[in-house]
Amino acid sequence: MAATRSRELGTGLFIFLGFAALLFLATQTTNVDEYFDQSGYEVSARFSDVAGLKVRAPVTLAGVNIGRVERIEFDNDRLDAVVTMRIDNEFDQIPDDSDAGIVTAGLLGSKFVGIGPGGSESYLENGSEIQITQSAIILEDVIGRYLFNQSPQDGGQQ
Amino acid sequence: MNFLHTALEQLLGRLRKLGAVTLFFGEILVRCPAGLKRPRLVSAQIYASGVLSLVIIMVSGFFVGMVIGLQAYDSLSRLRQEDILGAGVALTLLKELGPVVTALLFAGRAGTSLASEIGLMGATEQLSAMEIMAVDPLQRVVVPRFLGGAIAVPLLAAVFSAIGILGAYFIGVVVMGVDGGEFWSQMQEYVDPEDIWEGVWKSVVFGIAASLIAVYEGYHAPPTAEGVGMATTRTVVTTSIIVLILDYLITAFLL
């Protein structure tokens with residue numbers, strides 16, 4: 001009888017340990033709260049090029065994380081990319097003439113959206129669209145332009 | 001010509017075995033609802049294949065975590081990217097090593113004992129005796145062992161991954177001096193709930209496959225000492241191959 005009891009206790013402990021491990025993995029290794037967080041309000045912005053921007057990339061204002069990229073869609077009529085961002089509710093005083101740009105963390109790092117505050121008295125709210133946008137800077141283009149400017153034709157005129 | 005003939009014969013043999021295992025799986029599945037009505041039989045098997053495998057899983061998990069931590073630290077420090085150590089280790093363990101190594105260890109520790117136990121029951125005619133007493137040996141012997149194994153493997157895999165991450169934390173943060181906050185925050189940055197699901201799915205599939213192969217081989221072992229021995233060997237060999245093939249298929253499917 002004692003043997004059965006300790007065996008049942010062992011089985012119970014094992015099942016408990018297994019689920020505790022799963023819980024540990026689910027809460028400690030990943031950001032569940034943020035992932036399932038549906039609070040906050042949605043703001044969209046149009047970019048002619050979002051190269052490298054990914055869903056769930058951070059949205060920052062003055063370097064502070066204020067939200068995440070919710071989805072990136074392609075507009076068939078205007079042939080540009082519509083980026084929808086979810087901004088946390090506590091940041092509800094962003095002027096509606098703010099601009100949005102796609103910024104790279106470091107030289108080759110991941111892309112995120114940087115918001116530059118405007119000066120308007122009215123604020124962004126759910127569903128509003130940011131009008132002034134700056135597309136992703138593509139390093140290859142910059143290098144290409146630089147090389148072109150240094151071409152012999154240019155140099156020859158001096 | 002003769003060679004072709006043998007090759008064809010081998011292929012047909014393999015196909016026949018695949019069919020036999022699938023049919024056996026069907027027979028077990030049909031009996032599973034009734035098997036769950038006797039939870040004590042199942043919990044005794046969870047004890048036998050889960051609790052008794054816990055030590056080997058935890059020790060292996062800790063050392064696997066430590067060695068990945070060490071190797072990843074070495075590679076990442078050449079790129080000055082030690083901060084993402086936590087993310088790399090967690091993804092490796094959750095998605096691949098946790099489920100796969102757990103299934104392989106399970107085949108060696110618990111699958112062999114399942115196969116030899118059932119095989120020996122067959123060899124000593126205990127299974128036939130049950131049939132004479134109108135007790136269905138599949139129901140009474142095979143189904144609880146299958147369910148016990150299939151329930152134990154996902155839990156063992158979770159324990160393996162969790163302990164492995166702690167092992168990597170120990171090596172990376174305590175020994176090598178990676179920043180502890182970066183270790184966890186980079187991990188949370190890069191690991192998605194989907195990654196955990198992928199690991200859980202894999203371990204569930206591997207648990208079913210490993211337990212099924214073990215009980216199949218045991219139940220169909222020739223009733224001799226040699227036959228039981230062969231059945232245990234085949235359990236480990238087949239489980240290892242099947243788990244690695246399934247691993248590739250699931251990964252390719254889910255990514």
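Heavy-atom basis, side chains included; hydrogens, waters and symmetry copies ignored. In what follows, chains carry the letters A, B, and so on, assigned in the order in which the sequence lines appear, proteins first and then strands, with residues in each chain numbered from 1.
- Neither the backbone nor the side chain of Ala87(B) comes within less than 4.5 Å of any heavy atom of chain A.
- You'll find the side chain of Phe74(A) reaches within 4.5 Å of the side chain of Leu79(A), heavy atoms only.
- In this structure, chain B has no heavy atom under 4.5 Å from any part of Leu13(A).
- Put simply, the side chain of Thr102(B) does not reach to within 4.5 Å of the side chain of Phe206(B), judged on heavy atoms.
- Proximity to chain A (any heavy atom under 4.5 Å) is restricted, for Leu94(B), to the side chain, taken from C-beta onward.
- Applying the side-chain hydrogen bond (donor to acceptor under 3.5 Å, both in side chains) criterion to Glu189(B), with sequence neighbours excluded, gives no partner residue.
- Ranked by heavy-atom pairs under 4.5 Å with chain A, the list Gly50(B), Ala90(B), Ser43(B), Gly199(B) is led by Gly50(B).
- Looking only at atom types and distance, the side chain of Lys202(B) has a donor-acceptor partner in the side chain of Thr251(B) under 3.5 Å away.
- A donor-acceptor pair shorter than 3.5 Å cannot be found between the side chains of Asn65(A) and Thr60(A).
- Heavy atoms closer than 4.5 Å to chain A are found nowhere in Leu52(B), neither backbone nor side chain.
- Of the atoms belonging to Leu166(B), it is side-chain heavy atoms, and not backbone ones, that fall under 4.5 Å from chain A.
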